[in-house]
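Heads up: the structure comes next, in structure tokens.
In what follows, chains carry the letters A, B, and so on, assigned in the order in which the sequence lines appear, proteins first and then strands, with residues in each chain numbered from 1.
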Number of protein chains: 2
Amino acid sequence: MKATRNTTAKTAVLEVFEKSKTALSHTEIQKQLNDICDRVTIYRILDRLLNDDIIHKISNQDGTVKYAKCNHSHQRVHIHNHAHFSCENCHEITCLENVKPSYIMPHNYKVKEINFTLSGLCPKCLNSNI
Amino acid sequence: MKATRNTTAKTAVLEVFEKSKTALSHTEIQKQLNDICDRVTIYRILDRLLNDDIIHKISNQDGTVKYAKCNHSHQRVHIHNHAHFSCENCHEITCLENVKPSYIMPHNYKVKEINFTLSGLCPKCLNSNI
DNA sequence: AAATTATCGCAACATTGTTGCGATTGTGTA
DNA sequence: TACACAATCGCAACAATGTTGCGATAATTT
């Protein structure tokens, strides 16, 4: 149906994700792109990448929204049920691919996705600050 | 030091929380208050209530921010480590007070708070739809 | 009742995200 | 390679959400 095209802007956004070890907000992406394209274009590219399951969206406890690349392209269907860590000092968000919570739900709820975000101090800030 | 005052606006906001079984966004609170006070005032009241640990903040997966009353006034120190459920149909957010995830963290992280939000269909929507 | 100061209302601004539309460009096909 | 079609882009305009400053108001304290 709708073929997703590889435009220069989209390639540039993907490169930014590739280079970054942490999740990025729209604004951070825009800065790294150095105004190579319009603000709106970035939003639309992010929408497409989300739709194509190339990136995933993470909303932080403080209300900010970030995006990170998915590294599981081999799986046909996947759920982003890994955890994220949000550092209260440097505000970086990293994926904790191997941390998966176990829990018991009450009846009558149908759980489709889970969002598990831990916050505190990341290793970098834990060492540098006190 | 700074004594928190009991103003009519603050009382009204607290009543709205009391009546609601689900978490509320700033906009939802404003509507329920029927323009009894200014938009900015609500933001400031929410800030104070957060500071006094009377309510807690929940940021949904879709990026929206909501607030809910804490029901653990007897505890001196508490962490909002209970889970929340976000319905993808009616967009209501409810506290799952009894759901607490267990998990294993990598070393070198200092976890101070956790945010565990499950999304899917709530009991109400699970029954009415399909 | 008066004084103190937290809180309020208003205006103005900042940030973030969305939409419509004509122009541009990537990609399959002739 | 050139053409045609549609996805994508840039721009402008708008909407929603959150913040800040300041003079006015009102809740407490004395």
Listing time: all N or O pairs from protein to nucleotides 14-18 of chain D that are below 3.5 Å?
from, atom 1, to, atom 2, distance (Å)
D:dT17, OP2, B:Thr27, OG1, 3.1
D:dG18, OP2, B:Tyr43, OH, 2.9
D:dG18, N7, B:Arg39, NH1, 3.3
D:dG18, N7, B:Arg39, NH2, 3.4
D:dG18, O6, B:Arg39, NH2, 3.0

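- In this structure, A:Glu15 has no salt bridge (charged side-chain N to carboxylate O under 4.0 Å, His left out) partners at least two apart in sequence or on a different chain.
- Every residue was checked against the side chain to side chain contact (heavy atoms under 4.5 Å, CB included) condition with A:Asp47, not counting sequence neighbours, and none meets it.
- Here C:dC8 presents its C1' atom at 14 Å from CG of B:Asp47, a figure rounded to the nearest Å.
- Between the CG atom of A:Asn60 and the P atom of C:dT16 there is a distance of 14 Å, given to the nearest Å.
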(request) Run the numbers on A:Lys57 and A:Leu50 for side chain to side chain contact (heavy atoms under 4.5 Å, CB included), then give the verdict. (result) CA-CA 7 Å; A:Lys57 189 176 179 179; A:Leu50 280 175; 4.0 Å; yes

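- With distances taken from any side-chain atom of B:Cys37 to the nucleotides D:dT19, C:dG9, C:dT19, the minimum falls on C:dG9.
- Partners of A:Gln61 according to the side chain to side chain contact (heavy atoms under 4.5 Å, CB included) rule, which considers only residues two or more places apart in sequence or in another chain, are B:Ser59, B:Asn115.
- Applying the side chain to side chain contact (heavy atoms under 4.5 Å, CB included) criterion to A:Ala9, with sequence neighbours excluded, gives A:Thr7, A:Cys37, A:Thr41, A:Ile45.
- For B:Lys10 and D:dA26, the NZ to C1' distance is 15 Å, given to the nearest whole Å.
- Annotation for A:Tyr43: hydrophobic cluster partners, listed by chain and number, are none (ILVMFWY side-chain heavy atoms under 4.5 Å, direct or chained).
- Among residues two or more places apart in sequence or in another chain, the salt bridge (charged side-chain N to carboxylate O under 4.0 Å, His left out) test is passed with A:Lys10 by none.
- Applying the side chain to side chain contact (heavy atoms under 4.5 Å, CB included) criterion to B:Ile36, with sequence neighbours excluded, gives B:Leu33.
- When each of C:dA11, D:dC11, D:dC9 is scored by its nearest atom to the side-chain atoms of A:Val40, the top-ranked nucleotide is D:dC11.
- Following rounding to the nearest Å, B:Gln30 (CD) and C:dG9 (P) show an atom-to-atom distance of 12 Å.
- For D:dC9, the OP1/OP2 oxygens have no side-chain nitrogen or oxygen of A:Arg44 closer than 4.0 Å.
- Screening residues 101-111 of chain B for side chain to side chain donor-acceptor pair (under 3.5 Å), with sequence neighbours left out, gives A:Ser102-B:Ser102.
- The interatomic distance linking A:Ile36 (CD1) with D:dG10 (C1') rounds to 14 Å, in whole Å.
- For the helix from C:dA1-D:dT30 to C:dA30-D:dT1, the axis fitted to the five pairs at one end and the axis fitted to the five pairs at the other end meet at an angle of 40° (nearest 10 degrees).
- Put simply, CG on A:Leu50 is 12 Å from P on C:dG17, counting in whole angstrom units.
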(message) Does B:Asp62 form a side chain to side chain contact (heavy atoms under 4.5 Å, CB included) with B:His91? I'd like the steps, not just the answer.
(response) CA-CA 10 Å; B:Asp62 61 15; B:His91 296 101; 4.2 Å; yes

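- B:Ile45 has its CD1 atom 16 Å from the C1' atom of D:dT19, to the nearest Å.
- Rounded to an integer number of Å, the gap from CG of B:Asp62 to P of C:dG17 is 12 Å.
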(request) Treat primed atoms plus P, OP1 and OP2 as sugar-phosphate and everything else as base, then score nucleotides 23-30 of chain C 5' to 3': B for base contact with protein heavy atoms under 4.0 Å, S for sugar-phosphate contact only, - for none. (result) --BBS---

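- Applying the under-4.5 Å side-chain rule to Ile, Leu, Val, Met, Phe, Trp and Tyr, the cluster around A:Ile93 extends to A:Ile58.
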